[in-house]
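The structure under discussion appears below in the form of structure tokens.
Both counts, for ligands and for their atoms, begin at 1 and track the order of listing.
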Amino acid sequence: MPKLAYLGPKGTFTEEALRILAPEAERLPSANVGAALDAARRGEADGAVVPLENSLEGAITTTLDELAWGEPLSITAELLLPVEFSLLVRPGTRLGDIKRIFTHPAAITQCRNFTARELPGAVVVAAPSTAAAAQEVALPGSPYDAAIAARIAGDNYGLAELAANVGDRSDTVTRFVRVSRPGPPTEPTGSDRTSLVAFLADDHPGALLEMLTEFAVRGVNLTRIESRPTGDGIGRYFFHFDLEGHVADARVGEAISGLHRICADVRFLGSYPRADGLSPQIKRGTADGDFTEAADWLSRIRTGPV
Ligand SMILES: O=C(O)C(=O)Cc1ccccc1
């Protein structure tokens with residue numbers, strides 16, 4: 001039975017994602033995303049499940065940075081999970097009593113309309129996770145009056161649900177990934193995604209366009225691009241790419257080796273089945289057979305007629 005670390009404690013959305021991704025796994029709650037990934041890196045767990053992005057506010061930047069800089073880990077699976085936020089309080093608390101709300105930053109941004117409309121005077125403070133916030137609010141004498149978390153977190157920690165569905169949009173989806181220590185990529189399924197991080201060799205006009213060209217000319221469609229600061233000063237960035245296809249596909253392999261030639265460094269984060277089950281559209285001349293045929297043709301003209 002694999003043991004998987006996750007952003008805990010019990011009752012986070014990440015735990016819900018883990019239960020779906022690996023129902024049989026033993027669950028190891030961690031205090032934050034970095035700790036969950038470190039547990040996987042150190043071998044205390046066989047892998048980890050962490051949130052990566054959501055459809056309303058975009059990336060969970062801690063996860064992006066951890067995957068880019070820490071000891072390498074590979075993404076082996078993804079899950080898209082609709083999340084529903086509840087306003088949770090100690091039994092007896094009324095809306096008018098709420099001065100301080102505690103929740104995860106991703107929930108702060110996704111519940112902004114509700115808090116501004118219903119609790120305009122309240123301060124919203126960032127918690128390590130939604131369930132950590134619920135756990136804290138449940139403590140007698142907690143400085144916080146309410147948590148925004150999953151209803152199940154309220155059940156776990158003995159809080160009452162004062163309002164349900166407090167998210168600004170009801171159709172928000174969060175993308176979670178399962179990671180493990182690097183190994184061979186998962187088998188291609190025909191509906192795969194590849195993730196990688198690229199560091200520029202030097203800053204010059206068109207540097208980003210040159211990277212994108214490697215994908216464009218091979219018919220590789222990107223599904224996400226994110227720039228993150230390198231930390232070396234204003235204007236210094238590296239890039240996260242998610243793309244359609246598997247590293248075993250010729251067009252993906254060629255594109256990322258092209259990137260490797262022009263970048264200071266490329267970190268391959270994995271090829272894994274897409275949660276939405278979509279397959280890439282193969283543009284004319286970019287199927288595996290087209291690459292093989294072109295390579296054969298080239299070797300024939302290099303050898304000359306025999
Ligand atoms: O804090 C949690 O419960 C998480 O799993 C992170 C998160 C927070 C808000 C929306 C989706 C995931």
Check ligand 1 against [X] and write out every atom of the ligand that is under 4.0 Å from a heavy-atom position of the residue.
X      : result
Thr12  : 2 (C), 3 (O), 5 (O)
Ala106 : 8 (C), 9 (C)
Thr14  : 4 (C), 5 (O)
Ser129 : 1 (O)

Please work out whether any backbone atom (N, CA, C, O) or any side-chain heavy atom from C-beta onward of Thr174 is under 4.0 Å from ligand 1, and answer side chain, backbone, both or neither. side chain
At under 4.0 Å between heavy atoms, what of Ile60 touches ligand 1? The answer is neither
Should Ser74 and Tyr272 be marked as a side chain to side chain donor-acceptor pair (under 3.5 Å) after you check the CA-CA gap, both sets of side-chain angles, and the distance that decides it? CA-CA 9 Å; Ser74 292; Tyr272 48 91; over 6 Å; no
Please state whether the rings of Phe102 and Tyr144 are parallel, tilted or perpendicular, taking 30° and 60° as the class boundaries. parallel
Please work out which of the three classes, parallel, tilted or perpendicular, describes the rings of Phe238 and Phe199, given edges at 30° and 60°. parallel
So which heavy atom on Ala45 is nearest to which on Arg181, and how close? O-NH1, 3.1 Å
Please report the closest heavy-atom contact between Thr172 and Leu56, naming both atoms and the distance. CG2-CB, 3.9 Å
So if I apply the side-chain contact (heavy atoms from CB on, under 4.5 Å) rule between Val89 and each of Asp145, Leu159, Ile98, which one comes out positive? Ile98
Would you check if the distance from the ring center of Phe114 to the ring center of Phe85 is below 6.0 Å? no
Asn54 heavy atom under 4.0 Å from ligand 1: no
Carboxylate-amine/guanidinium contact Asp65 Arg228, below 4.0 Å: yes
What protein heavy atom is closest to atom 6 (C) of ligand 1, reported as residue, atom name and distance in Å? Leu7 CD2, 3.7 Å
Which residue owns the protein heavy atom closest to atom 3 (O) of ligand 1, what's the atom, and how far is it? Thr130 OG1, 2.5 Å
Is the closest N or O pair between Phe13 and ligand 1 shorter than 3.5 Å? yes
For His104, is at least one N or O under 3.5 Å away from an N or O on ligand 1? no
